[in-house]
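One structure below.
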Amino acid sequence: MKLLRHGAAGAEKPGLLHSDGTIRDLSGQVGDLSGATLDPAELTRLAALDADSLPVVEGDPRLGPPIAGTGKFICIGLNYADHAAESGMDVPSEPVIFMKATSAICGPNDPILIPRGSTKTDWEVELAVVIGKRAKYVSEADAMGHVAGFTVANDVSERSFQAERAGQWTKGKSCDNFGQIGPWLVTPDEIADQQDLRMWLTVNGKTMQDGSTRTMVYQVPFLIHYLSQFMTLHPGDVISTGTPPGVGLGMKPPQYLKPGDVVELGIYGLGQQRQEVVADA
Ligand code: ZN
């Protein structure tokens with residue numbers, strides 16, 4: 001099942017992508033797609049609906065993030081060995097965790113806003129995991145039972161704010177529209193192996209990132225287990241699992257985004273995103 005939210009920002013309605021390619025509205029079935037409606041029983045109920053009988057959403061609506069009300073947006077840093085190398089960092093001996101402000105979350109095709117004072121706005125295609133069932137002290141073996149689904153995230157990053165100013169990474173990761181999520185929340189039954197997904201990103205049509213979740217250092221079950229030792233994961237929480245090589249910081253010389261650029265990214269089986277780059281007002 002490919003769940004989505006369609007409509008204007010802040011007024012999205014729940015829906016799904018039907019196998020015939022149409023968007024079908026779920027407003028009559030569920031209030032919204034959020035932590036409260038991602039539990040396994042509810043997802044089973046939605047999966048059992050006859051999609052042919054659901055109303056078609058006409059036109060080409062804006063998509064929002066596929067889940068509303070995310071409580072935590074947790075990111076894993078340096079989780080691909082070759083990306084750590086291009087960043088001039090060692091592979092960490094335990095996962096590097098940082099938080100992205102949830103106010104950065106936006107729809108998959110919403111613009112990337114270059115914040116005031118930025119000179120180093122960068123891209124990061126990532127596999128994002130959405131929690132569906134509360135997870136506290138879970139074992140690696142049980143971890144995947146807490147997952148509602150997978151989606152694509154762009155962990156947009158301002159490298160100067162992140163690393164050249166004092167303190168931690170959060171302020172280089174949390175600007176408005178620094179967290180495109182979507183297009184769909186894809187339930188685990190549609191993904192044969194989340195550790196074998198090809199992922200890519202282009203800037204103005206030129207391939208920058210072309211990797212696979214196969215080379216992730218700390219894989220998804222371990223990450224859920226690990227995070228749940230330090231904090232309770234709640235339904236609707238998003239874990240963005242790190243980026244493969246090919247970010248602007250790693251180019252020689254480094255290359256960063258400017259107004260007018262177009263970024264496209266995707267993960268096979270999870271859909272794709274397209275963002276225009278504009279200066280924030
Ligand atoms: Zn990242």
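All residue numbers refer to positions in the sequence shown, counting from 1. Order of listing sets the numbers, starting from 1, for every ligand and every atom in it. Bear in mind that the values here come from a model prediction, so they are computed numbers and not experimental data.
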Testing Val278, Val156, Leu113 one by one against Asn177 for a side-chain contact (heavy atoms from CB on, under 4.5 Å), which residue passes?
Leu113
Among the N/O/S atoms of Asp155, the Zn ion (ligand 1) lies closest to OD2
Non-hydrogen side-chain atoms of His18 and Lys2 separated by less than 4.5 Å
no
If we only count heavy atoms from C-beta on, is the His6 to Arg62 side-chain gap below 4.5 Å?
no
Atom name in Glu124, limited to N/O/S, at shortest distance from the Zn ion (ligand 1):
OE1
From the N, O or S atoms in Glu126, identify the one nearest to the Zn ion (ligand 1).
OE2
Which heavy atom of Thr70 sits nearest a heavy atom of Thr102, and at what distance?
O-CG2, 3.4 Å
